[in-house]
Amino acid sequence: MPYSEKNITKIIIREAAKEWEKLVETDVVVVGAGPAGLTAAHYLADFDFDVVVFERRLSFGGGIGGGGMLFHKIVIEEQAKEIVEEFGIKTKEVESGLYVVDAAEMLAKLSSGAIDNGARVILGVTVDDVIFRESPLRISGVLIQWTAVQIAGLHVDPLMIESKAVVDATGHDAEIVSVASRKIPELEIFVHGEKSAYSEMSERLVVEKTGKVAEGLYVAGMAVSAVYGLPRMGPIFGGMLLSGRKVAEQIMYDLK
Ligand code: 48F
């Protein structure tokens, strides 16, 4: 069947537009395709939510790919083994209760796990603000922009996505909670900024504090450390996965 260049263009524009029209009203927006965001998206999709993950970069995985200082291994602890195995990621017990996984394998399998479950991942899009409503005060979506437009410094108005829940899984800077805290003082959210390393304590507290920060706004992964002023932990990732699963369960509990 002959085709020409215009067909390729038409297909891309038509099929993308169809999806974007659905995307503008979605159940859950997850911001960031790092370990916490991908795990959250995987379980949210499992719970039958419409989920979209917006990722600033043109790649998956956030901090996974870099392993530890570019050594291609990541450590996880016993409590997260079950999640890792659910994604089909191979583990090797190296010390009692500590397992090692391959960084590239984890990156690939978390990503495909989320997508295979039905989550949509849109790359190259940065979330730079939230939508809010009063009475009751709540977050009801996000503002998005092409990352390339931001990098170019062009003055282009963003587009808006409505959702029932937004998950800040943006990592160390907790970008979404930070913008909400700065621009909507009525929410009374204070972002403390993460502290220096204390891995064991941080792994535990990140999971404990994962959850809702305001109506419609949730936080998972390292963003939790930034919001609550918890220590950081370096390349041990169990807490990120447990946090991603916990935020999905909390949204399930709140919305269903
Ligand atoms: O940084 P990231 O991997 O966060 P995480 O899921 O995991 C943290 C670990 O990687 C590691 C650690 C644990 O041992 O300390 O650092 O909490 O992934 C965050 C993703 O969010 C994207 C960013 O490019 C990265 O891929 N991101 C950040 N801000 C935005 C964003 C934004 N405003 N819009 C879209 N994507």
Side-chain angles (χ1 to χ4, degrees), residues 29-43 52-71 73-77 80 83-84 98 100-101 103 106-107 110-111 114 121-130 141-151 158-159 161 166-180 182 191 194-207 209-210 217-228 230-248:
V29 169
V30 176
V31 189
L38 290 170
T39 309
H42 169 88
Y43 287 104
V52 60
V53 183
F54 290 117
E55 166 54 52
R56 159 180 291 154
R57 296 191 254 178
L58 292 180
S59 57
F60 290 96
I64 301 172
M69 211 186 82
L70 292 183
F71 290 110
K73 297 290 177 189
I74 280 169
V75 174
I76 60 144
E77 53 279 68
I83 301 179
V84 168
L98 286 182
V100 70
V101 301
M106 185 172 183
L107 186 161
L110 283 185
S111 314
V121 182
I122 309 284
L123 302 173
V125 169
T126 295
V127 173
D128 70 358
D129 207 343
V130 293
V142 294
L143 270 61
I144 55 169
Q145 183 57 272
W146 303 120
T147 305
V149 166
Q150 288 206 332
I151 291 170
L159 285 176
I161 306 289
V166 175
V167 179
D168 183 339
T170 62
H172 296 263
D173 293 326
E175 292 193 20
I176 311 309
V177 177
S178 297
V179 77
R182 198 169 64 246
V191 177
E194 75 179 21
K195 305 273 187 295
S196 293
Y198 186 162
S199 304
E200 204 174 338
M201 180 194 277
S202 180
E203 285 285 279
R204 182 170 48 80
L205 290 178
V206 159
V207 183
K209 297 275 192 186
T210 290
L217 181 59
Y218 297 78
V219 65
M222 277 317 284
V224 176
S225 284
V227 172
Y228 294 105
L230 310 179
R232 63 186 303 182
M233 80 280 281
I236 176 159
F237 274 57
M240 302 298 102
L241 309 182
L242 291 160
S243 170
R245 182 173 71 180
K246 184 178 174 193
V247 84

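Order of listing sets the numbers, starting from 1, for every ligand and every atom in it. Remember, it's a predicted structure, so these values are computed and weren't measured experimentally. Position 1 is the first residue of the sequence; numbering continues from there.
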Report task. Would you check if Leu98 and Ile236 make a side-chain contact, meaning some heavy-atom pair closer than 4.5 Å? Result -> yes

Show me the short polar-atom pairs for ligand 1: any N or O of it lying under 3.5 Å from a protein N or O, with distances only.
{"unit_1": "ligand 1", "atom_1": "3 (O)", "unit_2": "Gly63", "atom_2": "N", "d": "2.7"}
{"unit_1": "ligand 1", "atom_1": "6 (O)", "unit_2": "Pro35", "atom_2": "N", "d": "3.3"}
{"unit_1": "ligand 1", "atom_1": "6 (O)", "unit_2": "Ala36", "atom_2": "N", "d": "3.0"}
{"unit_1": "ligand 1", "atom_1": "10 (O)", "unit_2": "Gly63", "atom_2": "N", "d": "3.4"}
{"unit_1": "ligand 1", "atom_1": "14 (O)", "unit_2": "Gly234", "atom_2": "O", "d": "2.5"}
{"unit_1": "ligand 1", "atom_1": "14 (O)", "unit_2": "Ile236", "atom_2": "O", "d": "3.2"}
{"unit_1": "ligand 1", "atom_1": "15 (O)", "unit_2": "His172", "atom_2": "NE2", "d": "3.3"}
{"unit_1": "ligand 1", "atom_1": "16 (O)", "unit_2": "His172", "atom_2": "NE2", "d": "2.8"}
{"unit_1": "ligand 1", "atom_1": "17 (O)", "unit_2": "Met222", "atom_2": "N", "d": "2.8"}
{"unit_1": "ligand 1", "atom_1": "24 (O)", "unit_2": "Glu55", "atom_2": "OE2", "d": "2.7"}
{"unit_1": "ligand 1", "atom_1": "24 (O)", "unit_2": "Arg57", "atom_2": "NE", "d": "3.3"}
{"unit_1": "ligand 1", "atom_1": "26 (O)", "unit_2": "Glu55", "atom_2": "OE1", "d": "2.7"}
{"unit_1": "ligand 1", "atom_1": "26 (O)", "unit_2": "Glu55", "atom_2": "OE2", "d": "3.1"}
{"unit_1": "ligand 1", "atom_1": "29 (N)", "unit_2": "Arg56", "atom_2": "NH1", "d": "3.4"}
{"unit_1": "ligand 1", "atom_1": "29 (N)", "unit_2": "Glu175", "atom_2": "OE2", "d": "3.3"}
{"unit_1": "ligand 1", "atom_1": "33 (N)", "unit_2": "Arg56", "atom_2": "NH2", "d": "3.4"}
{"unit_1": "ligand 1", "atom_1": "33 (N)", "unit_2": "Val127", "atom_2": "O", "d": "2.9"}
{"unit_1": "ligand 1", "atom_1": "33 (N)", "unit_2": "Glu175", "atom_2": "OE1", "d": "2.9"}
{"unit_1": "ligand 1", "atom_1": "34 (N)", "unit_2": "Val127", "atom_2": "N", "d": "3.0"}
{"unit_1": "ligand 1", "atom_1": "36 (N)", "unit_2": "Arg56", "atom_2": "N", "d": "3.1"}

Query - Under the salt bridge (charged side-chain N to carboxylate O under 4.0 Å, His left out) test, residues paired with Arg182 that sit two or more places apart - result: none

Query raised in the report: Below 4.5 Å, heavy atoms only, C-beta onward: do Lys209 and Val219 meet side chain to side chain?
Result: no

Report task. State, without any angle test, whether Thr126 and Asp128 hold a side-chain donor-acceptor pair at a distance under 3.5 Å. Result -> no

Query raised in the report: Any side-chain heavy-atom pair from Met222 and Met233 closer than 4.5 angstrom?
Result: yes

Report summary line: The single option from Asp129, Val127, Asp168 that satisfies side-chain contact (heavy atoms from CB on, under 4.5 Å) with Val142 is Val127

